[in-house]
Amino acid sequence: MKPRIGRWALLLALWVGVPALARGADSIAINENEAAVPPYQLPNPLVFESGRVLTNKSSWPWRRLELLDLFSDHVYGHTPSGLPRRKADVLSIERNALGGQATRKLVRIPLTRKDSGPYLDLLEYLPNRATGPVPLFVGYNFDGNHTVTSDPGVPLPRGWVPNRPRSGISDNRPQEASRGSAAPAWPIEEILKRGYGFATMYYGDVEPDFDGGWREGLRGAVARGGTNHVFKPGEWGAIGAWAWGLSRAVDYLKTDAGVDGRRIAVIGHSRLGKTALWAGAQDERIALVIANESGEGGAALARRWFGETVERINTSFPHWFCGNFKKYNTNVAALPVDQHELIALCTPRPVYVGSAEDDRWADPRGEFLSLVSAEPVYALYEVKGLGTAEMPPVNTSVGDTLGYHIRTGPHALTITDWEHYLNFADRHLKAPQPPRPSR
Ligand code: GTR
């Protein structure tokens with residue numbers, strides 16, 4: 001006869017384990033009360049997994065590699081090795097765009113060895129009054145390149161887009177009616193006037209953003225098992241694929257004679273802010289990173305119980321992160337990294353985090369504290385980081401190489417955010433840049 005204790009242990013394990021595994025998004029406890037945040041302890045970016053303490057910058061590149069591996073193993077997944085980096089095709093150049101202010105380029109970047117796709121369609125504007133190569137902002141948009149401007153020369157995306165009833169989209173097919181609908185988030189003319197170039201891509205070109213979208217995107221195209229692939233727990237999620245796409249845009253931008261390839265800033269809002277940070281952490285050619293209201297899995301500390309949690313994001317968006325990340329759903333303290341270390345991976349490059357007062361879901365204080373806790377790594381390089389551990393008043397920018405503001409209002413990328421980002425970029429990208437390593 002089998003020992004009965006085994007059966008009881010199994011029943012107990014099922015009783016305790018199943019609700020934790022199968023909990024629906026709405027039953028996950030969320031805290032938005034500052035006084036109720038329990039104490040937590042962050043991993044120290046300056047201590048190797050072996051316990052060895054890092055005291056000067058000469059060992060940081062090794063710790064950086066260790067942290068990149070930990071983020072790949074446990075959070076975003078590993079990018080497959082051997083993916084091609086193909087030359088982009090400049091499909092068209094219009095020298096009289098935006099009322100003569102800009103040169104518009106439409107560029108196609110193949111992401112796999114096949115010409116049939118998937119590929120990224122990059123929309124680029126360069127200021128016509130520039131006298132030499134310009135620094136440039138590049139970032140993904142949510143709904144298609146044609147939504148960031150009313151410029152009629154920008155084509156609609158080809159594949160799946162999110163439904164937007166206000167733009168008449170209810171069948172996941174792009175519509176002409178959505179042209180310019182996201183323009184308030186992208187003050188392109190102002191960016192150009194300030195002497196920057198601007199480039200954007202639709203993130204759905206890399207992978208449509210729904211659970212299962214990988215079958216129509218890059219992850220499905222390169223997976224060993226094709227569209228029947230079963231992802232191993234350490235393989236990349238959608239954020240990993242989107243971040244890879246950003247780096248392919250950088251590959252192209254560095255070949256554009258109108259762009260100063262040493263002064264490329266990456267910007268992203270919300271889930272695309274998470275993506276911008278992960279791209280910036282991995283790709284040292286990115287000179288400056290801006291994460292607007294990136295929240296959980298972005299700039300916000302995972303261990304701080306406020307707003308969205310690891311469990312909640314893994315439940316609502318199971319495709320964003322790697323399988324291993326789900327192990328920490330109910331035990332975030334066991335995660336070997338936290339998000340301040342994602343920011344630290346950019347050291348000594350400038351990083352700016354923007355929050356919004358009403359965007360409690362993204363945990364503004366947790367986003368700010370990530371910068372504070374990344375600062376010791378910047379100090380190794382003797383660059384001034386944030387310079388304060390006190391959150392600034394609303395609508396006030398603080399910091400030096402690490403920058404932060406909390407804007408009044410809801411979750412959005414706005415002209416006010418851009419003013420802070422442009423000022424930050426003026427400080428860091430307008431001065432002559434030292435040569436940067438290229439991969
Ligand atoms: C929310 C999600 C956030 C954030 C946001 C967005 O639903 O919970 O993590 O990424 O979406 O991307 O707008």
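We count residues from 1, following the sequence as given. Order of appearance sets the numbers: ligands from 1, and atoms from 1 within every ligand. Just so it is clear, the model here is predicted, and its values are computed rather than measured.
- Residue-ligand proximity, Trp320 to ligand 1, at heavy-atom distances under 4.0 Å covers atoms 9 (O), 10 (O).
- The closest approach between any non-hydrogen atom of His411 and ligand 1 is below 4.0 Å.
- Between His269 and ligand 1, no pair of N/O atoms sits closer than 3.5 Å.
- Residue Glu390 places its CD atom among 12 or fewer non-hydrogen atoms of other residues, nucleotides or ligands, all under 6.0 Å distant.
- Considering backbone and side-chain atoms alike, Lys274 places an N or O below 3.5 Å from some N or O of ligand 1.
- Annotation: cation-pi pair Arg248/Trp244 present, NZ/CZ under 6.0 Å from the ring centroid and within 45° of its normal.
- Between the Ser270 side chain and the Leu272 main chain, no donor and acceptor come within less than 3.5 Å of each other.
- Between the side chains of His405 and Asp417, a donor-acceptor pair is found at a separation under 3.5 Å.
- Remark: Arg219 is positioned above the aromatic ring of Phe231, its terminal NZ or CZ atom under 6.0 angstrom from the ring centre and at most 45 degrees off the axis.
- The protein heavy atom nearest to atom 7 (O) of ligand 1 is Phe317 CZ, 3.4 Å.
- Heavy atoms from both the backbone and the side chain of Arg271 come within less than 4.0 Å of ligand 1.
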request  = Could you give me the CA-CA distance, side-chain angles and deciding distance for Asp283 and Arg285, then say whether salt bridge (charged side-chain N to carboxylate O under 4.0 Å, His left out) is met?
outcome  = CA-CA 5 Å; Asp283 190 338; Arg285 302 169 307 168; 2.7 Å; yes
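- When hydrogens are left out, the protein atom nearest atom 4 (C) of ligand 1 is Ser270 OG, 3.0 Å; that is the closest non-hydrogen contact.
- The proximity of Ile313 to ligand 1, defined as any non-hydrogen pair under 4.0 Å, is limited to the side chain.
- Among all non-hydrogen protein atoms, the one lying nearest atom 8 (O) of ligand 1 is Glu308 OE2, 2.5 Å.
- Atom CD of Glu176 has more than 12 heavy atoms from other residues, nucleotides or ligands within 6.0 Å.
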